Amino acid sequence: MKQEFLNTLTQTLGKDAVITDPAEIEPWLTDWRGVYKGDAQAVVRPGNTRQVADCLRLCNEYRVPVVPRGGNTGLCGGATPDVSPSNIVLSMDRMNRIRSIDTISNTLVADAGCILGNLRRAAEEEGRLLPLSLAAEDSSQIGGNLATNAGGVNVVRYGMARELVLGIEAVLPNGEIFNGLQTLHKDNTGYDLKQLFIGSEGTLGVITGVALKLHPLNQVRAVVLAALESPQQALELLRRVYGACGARLQAFEYFTDECLDLVLTHVDGMHQPFGQRHDGYVLIELADTANEDALQALLEEVIGQALEDGLCQDAAVSASLSQLQTLWRLREEISEAQRADGPHLKHDISLPIERIPQFIETAERRLRQVSPDCRLFIFGHFGDGNLHYNVSRPQGAEKTWAAEWEGRVADAVFGEVAEYGGSISAEHGIGQLKRHAFHQHKDPMQIRLMLQIKQVFDPNSIMNPGKML
Ligand code: FAD
Ligand code: ZN
């Protein structure tokens with residue numbers, strides 16, 4: 001049966017699209033972090049939508065589980081197969097063609113396997129901005145970005161990936177093509193079915209094409225790093241800056257002094273931004289299409305007034321592009337510094353923004369009852385209510401600490417998130433990592449509806465088994 005399936009698949013798609021050599025398959029069986037490892041009988045690399053459709057139709061017929069794979073930068077093991085040797089990994093890497101860019105309707109249409117960074121650069125060449133931006137943008141694919149409804153640093157202004165989507169082309173598990181690749185800005189004809197594929201993590205079908213909204217390209221930027229005596233000040237500052245700068249507010253990122261310390265310890269060439277240490281920091285970026293002096297003046301005026309009114313303790317405003325980049329690195333290098341520090345527990349949580357300061361206080365209290373000496377690294381997209389609430393082993397503890405304490409720490413963190421009406425995943429999704437917590441914390445009625453939708457799209461459950469649902 002297995003051989004018959006592989007033969008038919010190879011005959012239909014061509015030899016170059018189907019890899020079965022175990023040594024060649026090996027690199028496709030683990031996730032980016034090296035936490036998960038699975039098995040598969042083949043890696044399939046279709047070159048167009050028709051081939052994806054042929055592949056899924058055969059998999060459905062032979063009941064072969066399919067794991068869609070984008071750039072493999074997901075942090076929850078979603079693109080890694082489970083241990084069943086009958087899986088196939090369906091890689092989208094050969095589908096990397098930009099189909100069109102239009103600067104009147106401000107739309108970009110592309111294959112789902114295009115690398116996000118390439119799309120951003122292509123839009124920029126046409127004087128337009130594709131605002132979705134994340135540290136993994138030069139490896140992740142737009143199909144993966146939509147399948148995870150990715151966020152990133154510009155969400156405060158442009159929203160999550162979902163808000164940039166006008167159309168989707170996808171292949172259903174039975175091989176039918178869902179042809180929703182339209183660039184209309186308005187379409188109110190019943191249920192908006194394309195939305196179901198966004199954030200579906202490969203459980204409903206394979207996204208093969210995307211139509212995205214573009215924005216005007218921002219030519220000028222201004223950045224300030226503000227020092228805080230408490231997270232409460234970040235709230236007041238957010239209220240003030242948003243009120244004064246409105247849509248120019250491009251990023252509002254937060255990190256604690258512990259994160260800064262980690263960056264200064266592990267990353268070469270980084271310097272203390274202020275004469276003394278503070279409780280935490282926010283990095284604020286404004287951006288506009290033109291008029292650099294006016295933007296800089298606006299930022300300086302708002303921050304000057306905030307300092308006077310006691311909404312922050314100190315502030316470093318960038319006076320050049322290189323200073324701007326240096327300030328950004330203090331925030332962007334946190335993940336790398338954490339990696340250098342060793343295994344840690346990531347929680348990418350979402351909270352009502354106005355309750356973040358209180359959450360930070362009570363969550364730590366709860367966590368310390370479980371592990372009094374663990375180290376906490378809190379940073380993230382404060383302006384969206386999204387914290388990366390990361391927990392590391394106590395000083396001197398073995399590196400195996402993270403694996404041993406994962407469940408107890410997650411129970412404490414997610415338990416507290418639930419008390420605040422928050423979400424256990426703001427942007428990374430569920431995958432394999434948060435499956436248990438998902439079933440623990442998601443409303444059972446909503447899970448029931450999701451399972452019914454899954455049944456409609458994928459009655460034989462071939463799509464990404466063991467993930468999310
Ligand atoms: P993969 O990892 O390949 O897949 C992710 C999921 O999508 C899997 O379930 C897979 O089955 C499914 N999938 C992939 N392609 C398709 C397709 N064509 N059709 C159907 N299903 C598909 N995420 C954020 O949201 N914000 C961040 O700021 C952010 N920063 C990151 C920084 C770093 C350094 C790293 C490593 C990751 C970061 N991530 C971030 C997580 C990750 O980059 C995103 O989740 C990204 O959107 C995943 O895209 P990918 O192409 O790598 O998908
Ligand atoms: Zn993030």
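Quick note: numbers below take in every heavy atom, side chains included, and nothing from hydrogens, waters or symmetry partners. Start at 1 and go down the list; that is how both ligands and their atoms are numbered. From a predicted model like this one, the values you see are computed outputs, not experimental measurements.
- Put simply, part of N145 is less than 4.0 Å from ligand 1, judged by heavy atoms.
- Evaluated by nearest non-hydrogen atom to atom 12 (C) of ligand 1, the leading choice among S335, G143, A147, A112 is A147.
- When each atom of ligand 1 is checked for a heavy atom of W32 under 4.0 Å away, the hits are 36 (C).
- In summary, the atoms of ligand 1 found under 4.0 Å from a heavy atom of G152, numbered by their order in the structure, are 26 (N), 28 (O).
- Near G205, meaning under 4.0 Å from any of its heavy atoms, are these atoms of ligand 1: 20 (C).
- No side-chain N or O of Y36 forms a donor-acceptor pair with one of D82 less than 3.5 Å apart.
- Summarising the contacts of atom 5 (C) of ligand 1 with N464, T148, V153, the nearest heavy atom is found in T148.
- Which of V155, L146, L134 comes nearest to atom 30 (N) of ligand 1 through a heavy atom is settled by distance: it is L134.
- Using bins of under 30°, 30° to 60° and over 60° for the plane-to-plane angle, the ring pair F414/H347 lands in the perpendicular bin.
- Using bins of under 30°, 30° to 60° and over 60° for the plane-to-plane angle, the ring pair Y281/H278 lands in the perpendicular bin.
- Taking backbone and side-chain atoms together, E427 has an N/O/S atom less than 2.8 Å away from the Zn ion (ligand 2).
- Heavy-atom proximity to G78, at under 4.0 Å, picks out these atoms of ligand 1: 8 (C), 9 (O), 11 (O).
- For ligand 1, the atoms lying closer than 4.0 Å to a non-hydrogen atom of M92 are 18 (N).
- For ligand 1 and A150, the ligand atoms under 4.0 Å from any heavy atom of the residue are 25 (O), 47 (O).
- Heavy-atom distances between K467 and ligand 1 stay at or above 4.0 Å for every pair.
- Compare G202, A135, P68 by their heavy atoms: the one nearest to atom 10 (C) of ligand 1 is in P68.
- Atom 41 (C) of ligand 1 has as its closest protein heavy atom T73 O, 3.7 Å.
- F457 and F197 have perpendicular rings, their planes meeting at more than 60° on a 0 to 90° scale where under 30° would count as parallel.
- Rounding to the nearest 0.5 angstrom, the gap separating the CG atom in L29 from the CD1 atom in I25 is 6.5 Å.
- Nearest protein neighbour of atom 2 (O) of ligand 1, counting heavy atoms only, is G74 N, 2.8 Å.
- Classification of E336 and R339 as a salt-bridged pair holds, one side-chain N sitting under 4.0 Å from a carboxylate O.
- Polar contact with ligand 1: present for E201 (N/O pair, distance under 3.5 Å).
- Counted by atom type alone, K213 and H215 present zero donor-acceptor pairs between their side chains at under 3.5 Å.
- For atom 53 (O) of ligand 1, the candidate residues are S425, G429, G144; the nearest heavy-atom contact is made by G144.
- Of the listed residues (E125, E137, E126), just one forms a salt bridge (Lys or Arg N to Asp or Glu O under 4.0 Å) with R120, and that residue is E137.
- In summary, an N, O or S atom of H388 is located under 2.8 Å from the Zn ion (ligand 2).
- Using a cut-off of 4.0 Å between Lys/Arg side-chain N and Asp/Glu carboxylate O, E285 and R221 are scored as salt-bridged.
- Between S133 and N154, the side chains place no donor N or O within less than 3.5 Å of an acceptor N or O (distance only, hydrogens not considered).
- Proximity to A136 (heavy-atom distance under 4.0 Å) selects the following atoms of ligand 1: 32 (C), 33 (C), 35 (C), 37 (C), 43 (O).
- Side chains of W328 and E253: a donor-acceptor N/O pair is absent below 3.5 angstrom, by distance only.
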